[in-house]
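Worksheet for the structure shown next.
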Amino acid sequence: MTRAVGGEDRQMRISPDGPTPTELWDGVVAQFDRINPGQSIAKVLHERSVEDARRAFLARTRESFLAVGREWELLGDTAVFGDEIGVRFGPGTVQVMRAGEVLVAGAQTSDWAALVLAFLGERRWGVAWADAIRRREPALHLPIDHIDASDALGEPIQPLQIAGPCRWVIFRTDTTPLCWAISQPVAELAASALELGAPALRAMAGAWPEPPSELSPPSGAVPLARFPAPRVGIEGAWWLSQTTPFRGLFWRGGHSAPKATTFPRLRAVSTDVRVATENFTVPFVSAFLTGAARDARYRSRFPENQEFALLPDAQFIAQGEPVDVGGIRVAVFADTAEETRPAMTVREVLDEVRRAQSAPPIAVSKPRWFVDGRSDPQAG
C-alpha cells in the first residue's frame, strides 16, 4: 500500500499502513476511465471540475469510513472490510458485497456504513445479530417491496444497471427508492439497519456479547410489517406502450360500484374472473371488452394470473346497469373503438361469470392487485 500525504488523508487511516479514501478515489477514477474513455467523471457527478468531484467523493465517504471503525483493504474501486464484506464504489453509487455477491446496491448518499456493520455482525454472530437489529428501538422498518417487472405500475424508477440482480427495493419514507437488495431477508435487515443508522449499529456492535461456541444462534426472524410499494404511471412502464395490443375480455374486481370512466393510471386486469375477484370474495367485478390491452404475462412472477394492463388513454362506456350473478354485481364496459373490441353480448359476458363460479377456486398470489378500493395497491 502506498502511504498518502496530506492531513485529511492521515485522519482517515484506520491502520498506520492502510489505504485512504483518496487511494480509493484513484481506483474509482481508474475504473471509470477504463469503462468510459474520453468522458469526464466530473460531468457524471454534476461537478464543475475533477477536483470538485474528488472533494465531493471524499466528503461522502469520510464519515462512513470512520463509522465502520475497522481496518479495510483496497482492491481497485472496492473497499474490503474483512470477513469478505466489501463495498464497490462507482462515481455516485455503491454495491455492498459478501464473498463477491452483491447484497445491496444504491447511491453513495445512502448510509452504506450501516449496511456494512449489519452484514459484518451477521457474518460473525449469525441470525441472533440480525434479529437484534430488527427488534432494536426506535427502528420501525422502512418500506420494502419486490420489483416484479410484469407489474404495469411497478417498473423500477432508477436504472437497473445500478441494482444489477437486486430486485427488492427499499424506499425512503417519502416513497422514493433508497436502494435495492438481493432477497427479502437481506432487504429486511438492510431496511432496519438503515433506519437505525451507523452510529447506533456501531454502539450495538461494541456492546454485543460473544455467544458461546457450543450454542447455536437462535433461529427465526421477527415478523415485520410489509408496505405496498408506490406505483407510477405509464412513464414508469414505457415498455408496455411498445407491446402489441390484445383483443379480448378482461376483468377487474372492486369493493364499490364501478364507474364508466377512463383510468387515470395503468390498471392491471386478468383474463380469469376468479383471479380478478379473488375467488368471488369481493362484491363487484368489471368486465372490459377491448382490443387495446397490453400483455404483462411474459414478465410476471405469476404467469397463472393471466395479467394484462389497460393504458390510461383507453376509453370505456357502460353496457347497461350492473347485473347480479350469484351474489356478485357484474358491470360490463366496452371500448369506444368498436371495430377492435370483441363482438360479445352482455349475456355472453354474464355466462362467463357463471362458468367461472362453478369452477374450482384458484390460489391468490397477489392479494388486492386486481381489486379496486380498500387499500388498492395501485391507487394514487
Side-chain angles (χ1 to χ4, degrees), residues 150-153 240 243-298 300 302-379:
S150 78
D151 294 346
L153 312 182
L240 278 172
T243 58
T244 302
F246 272 73
R247 180 185 183 191
L249 171 62
F250 305 92
W251 306 90
R252 185 168 178 84
H255 285 280
S256 58
K259 297 179 180 179
T261 181
T262 187
F263 295 127
R265 290 180 179 269
L266 286 162
R267 279 295 183 265
V269 291
S270 174
T271 58
D272 192 329
V273 65
R274 296 171 299 171
V275 171
T277 61
E278 298 182 0
N279 296 309
F280 301 99
T281 58
V282 296
F284 296 92
V285 64
S286 298
F288 297 97
L289 296 168
T290 180
R294 304 307 171 104
D295 190 0
R297 294 172 298 178
Y298 75 104
S300 177
F302 307 104
E304 67 275 11
N305 284 341
Q306 295 295 305
E307 182 176 351
F308 287 74
L310 299 180
L311 300 184
D313 57 359
Q315 297 284 337
F316 294 92
I317 53 177
Q319 304 297 291
E321 295 296 323
V323 178
D324 186 277
V325 179
I328 189 168
R329 302 283 289 175
V330 183
V332 182
F333 297 95
D335 197 315
T336 54
E338 186 174 354
E339 66 279 3
T340 61
R341 73 191 189 208
M344 291 184 68
T345 65
V346 171
R347 181 183 295 275
E348 289 172 326
V349 172
L350 301 180
D351 286 343
E352 291 291 329
V353 176
R354 295 186 182 97
R355 277 191 287 270
Q357 287 174 330
S358 62
I362 46 87
V364 178
S365 55
K366 298 176 73 174
R368 304 188 313 278
W369 187 249
F370 299 93
V371 177
D372 286 314
R374 292 194 184 177
S375 302
D376 169 19
Q378 298 185 55

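- For the residue pair T290 and F316, the shortest heavy atom distance occurs at CB-CE2, 3.8 Å.
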Output side-chain donor-acceptor pairs under 3.5 Å for residues 356-364, partner residues at least two apart or in another chain, one line each.
residue: Q357; atom: NE2; partner: V325; partner atom: O; Å: 2.9
residue: S358; atom: OG; partner: R355; partner atom: O; Å: 2.8

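- The side-chain hydrogen bond (donor to acceptor under 3.5 Å, both in side chains) test applied to D351 returns R354, not counting sequence neighbours.
- Considering only residues two or more places apart in sequence or on other chains, T277 meets the side-chain hydrogen bond (donor to acceptor under 3.5 Å, both in side chains) condition with none of them.
- Residues meeting the side-chain hydrogen bond (donor to acceptor under 3.5 Å, both in side chains) test with S256, sequence neighbours left out: none.
- Between the R252 side chain and the A268 main chain, a donor and an acceptor come within less than 3.5 Å of each other.
- From W369, atom CH2 reaches atom CD of E278 across 12.5 Å, with rounding to the nearest 0.5 Å.
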**Q.** Check against side chain to side chain contact (heavy atoms under 4.5 Å, CB included), L289 and D335
**A.** CA-CA 6 Å; L289 296 168; D335 197 315; over 6 Å; no
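- In summary, the aromatic rings of F288 and F250 are positioned with their centroids too far apart to meet the 6.0 Å limit.
- Among residues two or more places apart in sequence or in another chain, the salt bridge (charged side-chain N to carboxylate O under 4.0 Å, His left out) test is passed with R274 by D272.
- For Q306, the side-chain hydrogen bond (donor to acceptor under 3.5 Å, both in side chains) partners at least two apart in sequence or on another chain are R297.
- Checked by atom type, the side-chain pair W251/E352 shows no donor-acceptor distance below 3.5 Å.
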